[in-house]
Structure formats: structure tokens, C-alpha cells
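Report on the structure given below.
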Amino acid sequence: MSTAPKLARSDRQSLRPARPDEEARAARLRAANINPRTGLATDYLNHFNEAIMLLEMIPDMPECAQDFLLWYPLSYREHFMASHFKARDLAIEAYESADEHIRVEFDNITGAMTSILTAVGAAMREVRQDKTRARLAEQATGWVKPLVALAGGIINGGAEADVDYIMTH
């Protein structure tokens, strides 16, 4: 067993020894399914996955369009405030104290998903044919699914963070 101090990422360029309070916080975040490296939780993506699931059902069950139209955008904070997530306050605090660059990148992607889903909802409200709603649903799913994957990559720290974590543990 190594006696060398564990290292934590303070930014993308430098390494420094982790303080005990940082290690305790990281343990609390991990226990709550919040990535301690990014301060983000994948639970927020459930909000978008719900919309995708409804969209995927529309081609086979056109009546699901009405269920999709009930979906509305929630910010990260709003999602956790409305959820039964046990560590919702911790999730919000971790998000708000996350590295600004990570948070901006994440917010840009989730903002794009929200814009797409909102625009598709508006378009579905205007059309009268189930075939058109099905086509809109298929297109939206094709646009949003890759963005959910990108957002998941940001939450999980991406490939660079995974290599850094492996090298320091």
C-alpha cells in the first residue's frame, strides 16, 4: 500500500494533495451519485430522458403526443427542487460550486436540448396529422439523444478526467 498522499484535480493543468475535508466532501458526493470531479448528477438527465421516451412512443401510439405536450423544461435547480432525490440540496450546492467552464458547457448542451424539445412541442401543437407528429418526434429524438450522451460525458468528467482519476488512484 502506498503512503504517498492522494492527489485531487484542482484544475485541468495541475495536481495537488487532497485535503481531508475535500476527501470527505467527495465521499458525500459519490454516495449521493454526484460526480465529485464535476459536481454534476446524472439524475438531471432523467428529465430529458422522459421527454425522449415519450417522443419514441408517438410513432406507434399517436395519443402519446398529448403526454409529451405536458412535458415542460426545468433548470437543474428546478429539477432537483421538484424531485424526491435524497441529496437534492447537495446536488444543487455542488452544481452551483462546480467549475464555471464545466457548468457553462453543461448548461449550453442542456439549453440546446430544452430549445429543441420546446420547439418540437410548439410545432406539434400546430399540426393536425399524426403522421406529421410522428415525424417531428423521430427528428427530435435523433437530435436530443446525442446531446444527452454529451451531457452525460460532461457529468462524468469525460475521457481526460477518467485518465486523470485512474492515474491518481
Side-chain angles (χ1 to χ4, degrees), residues 1-57 68 70-121 140-169:
M1 174 181 265
S2 172
T3 58
K6 289 185 179 181
L7 299 176
R9 293 292 285 182
S10 62
D11 60 41
R12 293 184 185 247
Q13 284 77 35
S14 65
L15 295 173
R16 61 177 171 71
R19 295 188 327 240
D21 58 326
E22 289 174 336
E23 289 180 15
R25 182 174 190 274
R28 282 188 13 247
L29 292 171
R30 274 192 298 280
N33 288 325
I34 300 166
N35 187 307
R37 290 174 283 151
T38 64
L40 302 172
T42 57
D43 187 82
Y44 180 53
L45 298 182
N46 292 340
H47 178 59
F48 297 100
N49 287 325
E50 176 187 353
I52 291 169
M53 178 189 70
L54 293 168
L55 287 167
E56 289 177 329
M57 293 171 26
F68 170 72
L70 296 174
W71 182 92
Y72 55 93
L74 293 171
S75 69
Y76 193 91
R77 172 183 270 282
E78 291 167 338
H79 168 77
F80 282 103
M81 290 305 294
S83 79
H84 297 290
F85 191 73
K86 286 182 182 180
R88 71 183 187 181
D89 294 334
L90 181 60
I92 293 166
E93 181 275 321
Y95 167 82
E96 290 174 350
S97 64
D99 177 273
E100 182 181 354
H101 294 89
I102 292 170
R103 199 173 60 240
V104 166
E105 185 178 8
F106 180 74
D107 288 346
N108 285 340
I109 291 172
T110 59
M113 291 188 289
T114 296
S115 294
I116 292 166
L117 294 169
T118 301
V120 167
T141 300
W143 296 327
V144 176
K145 272 186 165 182
L147 294 175
V148 169
L150 282 173
I154 293 169
I155 290 169
N156 293 313
E160 179 183 331
D162 291 338
V163 170
D164 293 339
Y165 181 81
I166 291 166
M167 297 302 288
T168 60
H169 287 81

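It should be emphasised that the depicted structure is a prediction, and the values quoted were computed from it without experimental measurement.
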Does the plane of the ring in H47 sit parallel, tilted or perpendicular to the ring in H79? Use 30° and 60° as the thresholds. tilted
What heavy-atom pair brings R25 and A94 nearest, and what distance separates the two atoms? NH2-CA, 3.6 Å
Distance-only donor-acceptor pairs under 3.5 Å for side chains of residues 141-148, two or more places apart:
from : atom 1 : to   : atom 2 : distance (Å)
T141 : OG1    : A137 : O      : 2.8
K145 : NZ     : E56  : OE2    : 2.6

Short side-chain to backbone donor-acceptor contact, T38 and I155, under 3.5 Å: yes
Could you pull out all residues at least two apart from F68 that satisfy ring pair (Phe, Tyr, Trp, His ring centres under 6.0 Å)? none
Please tell me if the side chains of D107 and Y95 come closer than 4.5 Å, counting only heavy atoms from C-beta onward. yes
Which atom of T118 lies closest to which atom of P73, heavy atoms considered: OG1-CG, 4.0 Å
Closest heavy-atom contact between L29 and P36? CD1-CA, 3.8 Å
Do N35 and L40 have side chains that get closer than 4.5 Å, going by heavy atoms? no
Tell me, please, which residues at least two apart from E50 pass salt bridge (Lys or Arg N to Asp or Glu O under 4.0 Å). none
Quick check for you: to the nearest 0.5 Å, what is the distance between F106 atom CZ and L45 atom CG? 5.5 Å
What distance do T110 atom OG1 and R103 atom CZ have between them, rounded to the nearest 0.5 Å? 11.5 Å
Got N33 and T42 here, is their nearest side-chain heavy-atom distance under 4.5 Å? no
Considering residues at least two apart in sequence or located in another chain, which fulfil the side chain to side chain contact (heavy atoms under 4.5 Å, CB included) criterion with S83? F80, F85, R88
I'd like to check the salt bridge (Lys or Arg N to Asp or Glu O under 4.0 Å) partners of R77; sequence neighbours left out, ordered by chain and number. E96
N46: side chain to side chain contact (heavy atoms under 4.5 Å, CB included) partners, not counting sequence neighbours: D43, N49
